[in-house]
Amino acid sequence: MPSLKRSVDVQRDRFDSSGWSPGLLVSVRNADEAQICLESGVDWIDLKEPLAGSLGCPRSAVASEVAELLDAFPQRSVALGELHDLEIQRAIRLSGWFRFAKVGLSSMRYNSRWPTSLCELSQRLECQLVPVVYADWQNCEAALPLQVIDWAIANRSPYLLVDTFVKNGQRLLDHQPLEVLAGWIEQLEVGGVQIVLAGSLQIADVLRLRDLRCAAVAVRGAVCEGDRRGHLSPRLVRQWVSLIQGSKCVFGGGNTGQE
């Protein structure tokens with residue numbers, strides 16, 4: 001197994017490189033799963049509680065334990081939940097332990113104050129805020145994708161996450177075609193924002209997304225035993241690390257390794 005130092009060095013090289021290749025973000029729910037990701041060489045480790053929704057906010061005790069484990073790991077993030085019902089003090093506390101904090105904008109379609117509210121939250125957090133575009137925004141009355149993109153550019157967000165709100169078996173590309181995603185990426189690149197793509201992704205989806213210039217692809221269910229609510233599988237995590245970080249299977253042709 002790779003050491004923590006080697007994992008951190010590899011991860012930093014990938015995100016600081018002038019050349020492009022996507023990183024692998026894996027969402028974990030506790031320190032045991034975070035340790036699996038460290039040992040497997042995952043680029044970006046994200047903490048959330050899958051039982052609490054797409055961006056389920058973890059308990060403070062769990063977040064503290066994971067943050068301590070990842071103290072030397074720079075590319076770490078936490079899900080804070082949805083802006084409309086976010087617990088401010090809890091969000092501020094968690095933001096002090098991570099480098100990035102993800103916030104969803106469901107139920108904000110007809111709330112004209114959400115850009116201001118998100119700015120106010122960003123100013124109170126102790127880390128960088130990553131806004132979330134829901135590809136299935138109609139299903140949750142979320143803020144419109146182009147509005148969130150404009151906000152991310154105007155507020156110099158380091159990243160923007162595209163995800164799905166409803167976890168019902170449909171995936172990212174069931175809601176947004178490649179040409180739309182490519183247009184979003186082009187607009188964000190001009191504005192200096194990188195994009196992370198999620199949404200119940202499977203290996204077949206990554207094959208279709210391989211020509212898009214995303215900073216990372218994000219998975220949870222694809223590396224779990226069962227669905228996204230199950231336990232992280234070390235075997236599946238290693239398989240995805242191999243595929244994303246160096247295998248010709250995904251970015252140079254060959255077998256996909258699908259199961």
Side-chain angles (χ1 to χ4, degrees), residues 15-16 20 22-23 25 27 43-48 53-57 63 67 74-138 140-165 172 176 180-199 212-218:
F15 282 89
D16 290 346
W20 177 80
L25 181 155
S27 290
D43 298 296
W44 183 332
I45 301 175
D46 172 69
L47 176 65
K48 66 180 177 184
S54 179
L55 291 179
C57 186
Q75 208 73 8
R76 60 187 187 274
S77 59
V78 62
L80 298 182
E82 303 297 322
L83 182 63
H84 71 87
D85 63 356
L86 188 141
E87 299 178 29
I88 298 295
Q89 294 306 317
R90 183 183 182 186
I92 293 172
R93 181 167 61 253
L94 267 59
S95 73
W97 298 334
F98 294 85
R99 188 178 177 190
F100 307 106
K102 305 181 302 181
V103 176
L105 295 166
S106 65
S107 303
M108 290 293 167
R109 173 69 178 89
Y110 301 105
N111 185 333
S112 61
R113 272 194 50 81
W114 76 257
T116 300
S117 298
L118 198 60
C119 284
E120 293 171 351
L121 173 64
S122 179
Q123 292 168 2
R124 298 186 67 180
L125 296 181
E126 297 182 25
C127 68
Q128 294 178 291
L129 188 149
V130 175
V132 177
V133 163
Y134 282 123
D136 57 342
W137 58 270
Q138 300 97 328
C140 58
E141 296 291 350
L144 296 178
L146 292 181
Q147 293 177 340
V148 183
I149 287 171
D150 287 342
W151 188 95
I153 293 171
N155 291 275
R156 300 181 179 180
S157 299
Y159 299 98
L160 177 141
L161 172 67
V162 178
D163 201 353
T164 52
F165 181 81
L172 174 64
Q176 298 297 335
V180 169
L181 296 174
W184 293 353
I185 291 171
E186 182 178 359
Q187 184 175 347
L188 288 163
E189 282 186 333
V190 171
V193 181
Q194 298 186 73
I195 196 169
V196 177
L197 298 177
L212 299 183
R213 292 178 60 86
C214 60
V217 293

**Item:** Point-to-point distance, once rounded to the nearest 0.5 Å, from CG of L197 to CH2 of W184
**Value:** 9.5 Å
**Asked** About how many Å separate CG of L212 and CD1 of I185, when rounded to the nearest 0.5 Å?
**Response** 4.5 Å
**Request:** Kindly assign one of parallel, tilted or perpendicular to the pair Y134 and F165, based on the angle between their ring planes and the thresholds 30° and 60°.
**Result:** perpendicular
**Message:** Quick check against the 3.5 Å criterion: does S95 have a side-chain atom that pairs as donor or acceptor with the backbone of I92?
**Reply:** yes
**Message:** Between S27 and A218 (side chain of the first, backbone of the second, donor and acceptor by atom type, cut-off under 3.5 Å), is there such a pair?
**Reply:** no
**Prompt:** With sequence neighbours excluded, what pairs up with E141 under the side-chain hydrogen bond (donor to acceptor under 3.5 Å, both in side chains) test?
**Reply:** none
**Prompt:** Taking only residues two or more places apart in sequence or in another chain, which ones pass side-chain hydrogen bond (donor to acceptor under 3.5 Å, both in side chains) with D150?
**Reply:** Q187
**Request:** Please name the pair of heavy atoms, one in Q75 and one in Y159, separated by the smallest distance, quoted to 0.1 Å.
**Result:** NE2-OH, 2.9 Å
**Asked** Which residues satisfy the side-chain contact (heavy atoms from CB on, under 4.5 Å) test with R90, sequence neighbours excluded?
**Response** C57, R59, S60, E87, R93, L94
**Complete:** Only residue of L161, V162, V133 satisfying side chain to side chain contact (heavy atoms under 4.5 Å, CB included) with I195 is V162
**Item:** Aromatic ring pairing F100/W44, orientation class (parallel under 30°, perpendicular over 60°, tilted between)
**Value:** tilted
**Prompt:** Are V148 and W114 close enough that some pair of their side-chain heavy atoms sits under 4.5 Å apart?
**Reply:** yes
**Prompt:** Quick check: are there more than 12 heavy atoms from other residues, nucleotides or ligands sitting under 6.0 Å from CD of Q138?
**Reply:** yes
**Asked** Atom CD of E126 and atom CZ of R99: how far apart are they, to the nearest 0.5 Å?
**Response** 15.5 Å
